[in-house]
2 protein chains.
Amino acid sequence: MLPMKSRYALKALVFLARHQADGPVPVAGIAAAEAIPVKFLEAILLELRNSGILTSRRGPTGGYQLRVEPETVHLGDVIRNLSGPMAPLPCLSKTAYHRCTECVDEATCAVRLLMADVHAATLRIVDGTTLAQLVARVDASAVGEAEGQSERCRPEQGPVSAKLDFID
Amino acid sequence: MLPMKSRYALKALVFLARHQADGPVPVAGIAAAEAIPVKFLEAILLELRNSGILTSRRGPTGGYQLRVEPETVHLGDVIRNLSGPMAPLPCLSKTAYHRCTECVDEATCAVRLLMADVHAATLRIVDGTTLAQLVARVDASAVGEAEGQSERCRPEQGPVSAKLDFID
DNA sequence: CCCAATTCCTATCATCGCGATAGGTTTACT
DNA sequence: AGTAAACCTATCGCGATGATAGGAATTGGG
């Protein structure tokens with residue numbers, strides 16, 4: 001499960017990307033629009049500011065604002081900054097590597113082998129998507145809604161085994 | 001993070017797949033070989049038995065055994081059976097769907113749009129891999145170890161942006 | 001210059017899932 | 001019979017998570 005912290009952060013960033021022209025937006029405004037607990041969001045935006053993707057101004061007319069262009073914000077970095085590494089196993093994280101205590105031999109660990117693929121696939125998506133792209137996709141899917149052309153996430157699919165619409 | 005329950009289960013299943021010929025294997029044997037707490041593994045194997053993947057026999061010479069062929073065991077089902085749906089958002093689970101309480105409009109939710117791709121990619125891997133394939137991959141990677149040919153998880157890569165070896 | 005709006009900071013809390021253990025009951029082989 | 005194993009139910013400690021409380025610092029507008 002993606003932590004609330006990251007969910008809120010992504011929503012707030014999309015909101016801020018949409019209101020880039022409006023100057024600083026106060027936390028309360030974002031919180032109201034996105035139904036996020038104010039105090040919680042406050043802490044989140046503060047972290048995002050400390051990690052360099054937001055600017056802030058205090059006092060009246062203050063608020064938060066994107067510091068960098070949405071094209072340069074990689075969503076994976078957002079998630080990592082707020083919720084830590086997303087490796088499905090400790091032994092798959094580069095920055096927080098930690099040998100799995102239960103693992104007899106890491107080199108021949110089947111679980112590791114399987115999850116390494118999952119991890120790589122996840123990273124290719126979250127790090128390969130920018131804030132700008134996400135905003136664009138939301139707009140596109142809102143339009144394509146009426147036309148039923150919500151195709152995505154299948155670069156060159158190939159001969160997929162037909163019955164592969166997995167669940168859960 | 002993949003829960004311990006699922007990690008242990010996968011390890012145990014790989015072990016059992018390797019010892020298919022030996023008849024029933026007692027829990028203690030697997031636990032010792034894979035460094036898993038006995039009582040915990042006991043509960044896990046019981047669940048796997050109740051979900052139809054394993055058979056058991058009681059008393060001396062008893063133990064657990066694969067009920068079905070490793071080729072028919074989809075790893076995604078194993079994880080789901082033990083640890084529940086792996087959807088990164090409640091609103092992405094088919095069997096345990098639950099509207100995200102924080103979501104203002106699900107149809108235009110950016111987080112959902114992003115994580116839907118992550119989810120799909122994850123499922124394609126875990127549901128697309130069988131126990132037999134996993135065992136085979138472990139063997140293959142153990143051999144390729146000395147030859148440096150541990151390529152995997154890149155079907156037809158294409159022009160990847162060069163600097164895309166993500167971390168964490 | 002003062003007031004109010006806002007960011008910023010620290011502490012604290014309740015809940016919940018997870019990993020694990022304890023202690024027993026039943027089955028069945030030798 | 002005796003023993004080795006599966007089977008069952010209950011419980012527990014712990015940490016992360018999501019959230020709140022209460023205030024301090026900053027800064028613009030009147």
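Proteins get letters first, then strands, A, B, ... in listed order; numbering begins at 1 in each. Scope of the values below: all heavy atoms of this structure, side chains included, with no hydrogens, waters or symmetry mates.
To the nearest angstrom, P of C/dT7 lies 11 Å from CG of A/Leu16. A straight line from CE of A/Met1 to P of C/dC18 spans 10 Å, rounded to a whole angstrom. One interatomic measurement links the two molecules: CD of A/Glu42 to P of D/dG18, which rounds to 18 Å at whole-angstrom precision. Across the protein-nucleic acid pair, B/Arg58 atom CZ and C/dG24 atom C1' stand 13 Å apart, rounded to whole Å. One can place CG of B/Leu46 at 13 Å from C1' of C/dT26, the figure rounded to the nearest angstrom. Protein atom CD1 of B/Ile36 is 16 Å distant from nucleotide atom C1' of C/dT21, rounded to whole Å. Between the CG atom of B/Leu41 and the C1' atom of C/dC18 there is a distance of 17 Å, given to the nearest Å. In this structure, B/Phe40 atom CZ and D/dC8 atom P are separated by 17 Å, rounded to whole Å.
Between D/dA19 and A/Tyr8, a contact under 4.0 Å exists linking OP1 or OP2 to a side-chain N or O. Note on A/Arg49: a side-chain N or O is less than 4.0 Å away from OP1 or OP2 of C/dC8. Look at B/Thr61 and you won't find any side-chain N or O under 4.0 angstrom from OP1 or OP2 of C/dT30.
Side-chain N/O atoms of A/Lys39 and base N/O atoms of D/dG22 include a donor-acceptor pair closer than 3.5 Å.
Residue-level contact check: B/Pro24 touches neither bases nor backbone, having no heavy atom under 4.0 Å from any strand.
Annotation: side chain of A/Met1 is in contact with side chain of B/Pro90 (closest heavy-atom distance under 4.5 Å).
A salt bridge links A/Arg18 to A/Asp139: at least one charged side-chain nitrogen sits closer than 4.0 Å to a carboxylate oxygen. Under 4.0 Å is where a charged nitrogen must lie from a carboxylate oxygen, and between B/Arg112 and B/Asp105 no such pair does.
Comparing A/Gly59 and A/Pro37 against DNA chain D, the residue whose closest nucleotide sits nearer the 5' end is A/Pro37.
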- request: Would you sort out whether A/Lys5 and A/Glu47 count as a salt bridge (charged side-chain N to carboxylate O under 4.0 Å, His left out), showing the intermediate values?
  value: CA-CA 11 Å; A/Lys5 220 174 180 182; A/Glu47 283 191 62; 2.8 Å; yes
